[in-house]
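Letters A, B, ... mirror the listed sequences (proteins, then strands); counts begin at 1. Just so it is clear, the structure is predicted and the values come from calculations on it, not from any experiment.
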Protein chains: 2
Amino acid sequence: MKAKRTTIQDIATKTGYSKTAVSFAFNSPSRISKEAVEKILEAAKELDYIPDPMARNFSLGRHMALGLLLPQRAELSLGNPYIHSVVQGIAEVCQKRGYMLTIIPPLHSSVTEAAKNATVDGLITLGVVIDKSIRGILRRRRMPIVSIDGAADDDIHSVCIDDEGAAELQLRKVLEKGHRKIAMIALPDDAYSHSSSTSDTVVKKRKRGYMKALEQYSMSFADLITDKAAATAEEGKTVASAILERSSPTCFVTMSDAAAIGILQILEKRRSNISVIGFDGLEEEFFQNSKLTTIYQSGRQKGEASAEVLFHLINGEADTPLRTLIPYSFCEGTTLREVL
Amino acid sequence: MKAKRTTIQDIATKTGYSKTAVSFAFNSPSRISKEAVEKILEAAKELDYIPDPMARNFSLGRHMALGLLLPQRAELSLGNPYIHSVVQGIAEVCQKRGYMLTIIPPLHSSVTEAAKNATVDGLITLGVVIDKSIRGILRRRRMPIVSIDGAADDDIHSVCIDDEGAAELQLRKVLEKGHRKIAMIALPDDAYSHSSSTSDTVVKKRKRGYMKALEQYSMSFADLITDKAAATAEEGKTVASAILERSSPTCFVTMSDAAAIGILQILEKRRSNISVIGFDGLEEEFFQNSKLTTIYQSGRQKGEASAEVLFHLINGEADTPLRTLIPYSFCEGTTLREVL
DNA sequence: CTGTTAGCGCGTTCAA
DNA sequence: TTGAACGCGCTAACAG
């Protein structure tokens with residue numbers, strides 16, 4: 001039926017050389033005579049031969065690809081501009097090294113299944129996803145992994161910011177502006193991983209930071225209106241509407257810009273001038289138009305750093321740092337106002 | 001040195017069954033006795049065995065991955081939010097089918113090389129990249145391809161909008177508002193592909209649309225200030241600065257929001273209220289904060305449609321439409337003002 | 001230095 | 001339920 005691809009054997013047969021010779025002609029031309037190389041390459045051209053990269057990689061025991069394990073459904077994960085900037089960072093480093101970047105959505109809703117079937121040389125995870133079963137699989141598959149924003153209480157290589165410090169800064173800015181009726185919108189902690197309940201997650205770290213800030217004003221969590229929202233505008237809207245039903249904060253503090261943007265939309269609709277401060281920060285260019293006050297962390301830098309670390313691990317370099325810290329900064333916008 | 005992964009052979013040896021039996025235990029348990037399945041799976045657990053997905057895919061002649069061929073360096077491609085939404089759309093469909101999405105940056109700056117080495121079941125391209133050499137490679141590799149925003153004068157499956165109509169609409173809106181001193185910022189046409197010079201590219205189609213709109217006002221291209229900019233904020237800034245040096249348009253018309261945003265930044269800095277209209281449209285949520293007036297096309301829909309078509313091709317379905325048309329719409333913002 | 005033989009990698013599948 | 005072949009290219013070891 002369908003004509004078969006030409007293989008290395010076809011070229012060998014056609015030229016009268018051996019498969020080995022053909023392989024050499026492509027990969028180490030110096031290993032055989034100039035004449036042979038020429039003949040072989042010519043025959044290859046005639047027969048439309050291209051070595052199959054899959055067979056090649058299989059033979060060489062590699063994939064030439066890094067994998068990014070999405071913690072949730074693709075719509076949710078990739079809908080977050082922060083995650084997008086991480087993807088960008090990883091892709092840049094991959095490109096530099098001649099690698100591809102494989103985005104791996106949960107398989108049958110299971111990150112574990114996805115990890116089993118990933119055909120890549122190493123994995124990067126986003127958020128808290130590395131539970132025991134996944135670690136087991138990766139160990140068995142001898143697949144290196146780097147975690148971005150993962151729990152920090154284990155021996156997995158990770159890249160993150162000082163979440164505690166960043167959160168403290170975020171809330172302190174709010175308190176400095178005089179806000180006292182504050183709605184605190186956290187990220188759901190254990191959305192993906194159960195093991196996270198005992199791990200030191202990003203959310204927990206940030207809460208410690210909030211606590212520190214509160215203490216400086218002799219306040220505690222009990223003085224806040226608290227709720228949760230995943231990092232999507234949709235959830236931000238929902239939670240903002242719910243909160244405004246039952247109370248009237250002067251400021252919303254969120255753990256993601258995505259949620260903050262949803263909240264802003266609700267506020268705009270109501271012509272309310274309640275303050276909002278987000279977390280993440282969009283990349284430079286697209287920043288300016290949205291004047292959201294936020295804590296900026298560079299997803300791109302995180303992506304780059306994690307890919308860099310992962311390549312170290314893949315190449316078996318020993319001196320790879322277990323933790324990589326990325327800087328953060330307060331980014332002034334127009335959505336955090338002084339309380340009069 | 002490093003302990004080897006356990007293979008199917010290890011399980012076979014340990015249980016006394018054959019490789020075949022082990023394979024069946026995993027893939028079609030009904031083919032062998034219940035007892036055998038149990039023993040084998042238990043042994044597999046003990047020995048920490050997981051079938052190697054690469055070997056599996058190799059054997060089955062597939063990859064379980066779709067590829068997205070980036071037309072330019074990753075920073076540029078992925079920096080464009082429109083492209084990001086395309087990625088999102090593709091990823092969603094991949095997820096639904098249990099596939100991965102492999103992002104393939106140009107290899108050694110060559111898209112052709114990247115196409116040679118892509119280990120995927122099919123490719124999606126963005127913009128004009130399918131020149132002769134790439135087509136040859138894909139033909140030899142028997143790799144199906146779908147082109148988004150590609151030239152439409154060939155036999156490659158493609159997904160696009162009615163660019164001519166959309167461009168006409170865009171410029172007509174501008175003319176209706178009374179603008180006559182218009183700066184038209186096109187996309188560079190043949191940035192990636194030389195063959196495009198004879199193909200009916202997106203840029204050419206849009207120019208025909210502009211022409212139609214101009215004719216309705218008895219104008220021609222000669223009445224416009226024209227220039228080019230790639231789809232990045234950076235290039236938008238550069239070109240805006242250059243144009244403002246030598247002339248004073250009342251409106252900038254661009255072929256990408258990315259460039260439009262750069263232009264807006266320059267105008268804001270100058271406190272100028274020159275109008276701007278873009279092309280692409282950011283996804284819903286993140287739209288509202290940037291009030292850019294633009295022609296909206298859903299990158300996500302394009303991504304979904306192209307992946308859907310590609311899966312049809314991979315599965316050898318015959319009834320696959322050669323052209324898929326996605327809708328577009330005018331999106332009112334605040335950056336296109338009436339000329340007094 | 002040029003070229004070949006043979007076997008590997010790992011799971012799948014046909015014929016028995 | 002199994003042995004052997006297969007997919008496709010790479011490479012150690014060896015011969016001239």
Side-chain angles (χ1 to χ4, degrees), chain A residues 2-41 43-44 47-64 116-121 140-143, chain B residues 2-41 43-44 47-64 116-121 140-143:
Chain A
K2 51 178 164 184
K4 273 199 204 149
R5 297 183 68 253
T6 15
T7 73
I8 199 171
Q9 182 61 63
D10 298 328
I11 307 301
T13 309
K14 161 125 183 171
T15 57
Y17 286 102
S18 65
K19 286 200 299 174
T20 309
V22 178
S23 181
F24 282 151
F26 277 89
N27 303 312
S28 11
S30 59
R31 182 68 178 64
I32 53 176
S33 74
K34 237 182 180 172
E35 194 195 333
V37 173
E38 273 175 31
K39 280 190 189 170
I40 290 172
L41 292 184
L47 292 190
D48 270 354
Y49 172 66
I50 294 179
D52 180 340
M54 162 119 93
R56 200 149 185 280
N57 287 336
F58 178 53
S59 189
L60 293 170
R62 62 174 196 196
H63 299 82
M64 297 305 280
K116 269 189 198 160
N117 291 85
T119 48
V120 296
D121 295 310
R140 285 175 242 175
R141 297 193 55 194
R142 277 142 191 75
M143 180 163 304
Chain B
K2 54 178 160 186
K4 272 198 204 152
R5 296 184 68 254
T6 30
T7 74
I8 199 170
Q9 182 62 63
D10 298 327
I11 308 301
T13 309
K14 161 126 183 172
T15 59
Y17 286 100
S18 67
K19 285 201 300 176
T20 312
V22 178
S23 180
F24 282 150
F26 277 89
N27 303 311
S28 12
S30 60
R31 286 280 271 107
I32 54 176
S33 76
K34 234 180 181 171
E35 194 197 332
V37 173
E38 274 175 31
K39 279 191 191 170
I40 290 171
L41 291 185
L47 293 189
D48 269 354
Y49 171 66
I50 293 180
D52 181 340
M54 162 117 94
R56 197 146 188 278
N57 287 335
F58 177 54
S59 189
L60 292 170
R62 62 173 196 197
H63 300 82
M64 297 304 281
K116 267 189 199 160
N117 291 85
T119 47
V120 295
D121 295 309
R140 284 175 243 176
R141 296 194 55 193
R142 277 141 192 76
M143 181 162 304

Enquirer: Would you kindly give the CZ-to-C1' distance between A/Arg31 and D/dC10, to the nearest whole Å?
Expert: 13 Å
Enquirer: From C/dC10, C/dG7, D/dG3, pick the nucleotide closest to the side chain of B/Ala55?
Expert: C/dC10
Enquirer: Take atom CD1 of A/Ile50 and atom P of D/dG9, then tell me their distance rounded to the nearest Å.
Expert: 11 Å
Enquirer: With the side chain of B/Phe58 defined as its heavy atoms from C-beta on, choose the nearest nucleotide among C/dT12, C/dC10, D/dC8.
Expert: D/dC8
Enquirer: Assess, by modelled atom type and distance only, whether the side chains of B/His63 and B/Asp121 contain a donor and an acceptor separated by less than 3.5 Å.
Expert: yes
Enquirer: Measure the distance from CD1 on B/Ile8 to P on D/dA4 and round it to the nearest whole Å.
Expert: 16 Å
Enquirer: If I take atom CG in residue A/Leu60 and atom P in nucleotide D/dG9, what distance separates them, rounded to the nearest angstrom?
Expert: 12 Å
Enquirer: Students often get this wrong, so: under 4.0 angstrom with heavy atoms, is A/Tyr17 touching a base, only sugar-phosphate, or nothing?
Expert: sugar-phosphate
Enquirer: Between B/Arg56 (CZ) and D/dC8 (C1'), how many Å, whole number?
Expert: 19 Å
Enquirer: Compare the minimum distances between each of C/dT13, C/dT2, D/dG9 and the side chain of A/Ser33, then state the nucleotide with the smallest one.
Expert: C/dT2
Enquirer: Rounded to the nearest Å, what distance is computed from the CD atom of residue A/Glu35 to the P atom of nucleotide C/dC1?
Expert: 17 Å
Enquirer: Would you say the side chain of A/Thr20 and the base of C/dT4 hold a donor-acceptor pair, judged only by whether the two atoms sit under 3.5 Å apart?
Expert: no
Enquirer: If I take atom CZ in residue A/Arg62 and atom P in nucleotide C/dG9, what distance separates them, rounded to the nearest angstrom?
Expert: 17 Å
Enquirer: Here's a test for you: under side chain to side chain contact (heavy atoms under 4.5 Å, CB included), which of A/Ile50, A/Thr6, A/Leu47 qualifies with B/Arg140?
Expert: A/Ile50
Enquirer: Considering every strand and a 4.0 Å limit on heavy-atom distances, what is the contact class for A/Thr7: base, sugar-phosphate, or nothing?
Expert: sugar-phosphate
Enquirer: Can the ring centres of A/Tyr17 and A/Phe24 be said to be less than 6.0 Å apart?
Expert: no
Enquirer: Taking A/Ser23 for the side chain and A/Lys19 for the main chain, is one N or O donor matched with an acceptor at less than 3.5 Å?
Expert: no
Enquirer: Rounded to whole Å, how long is the line connecting atom CG of A/Asn27 with atom C1' of D/dA12?
Expert: 15 Å
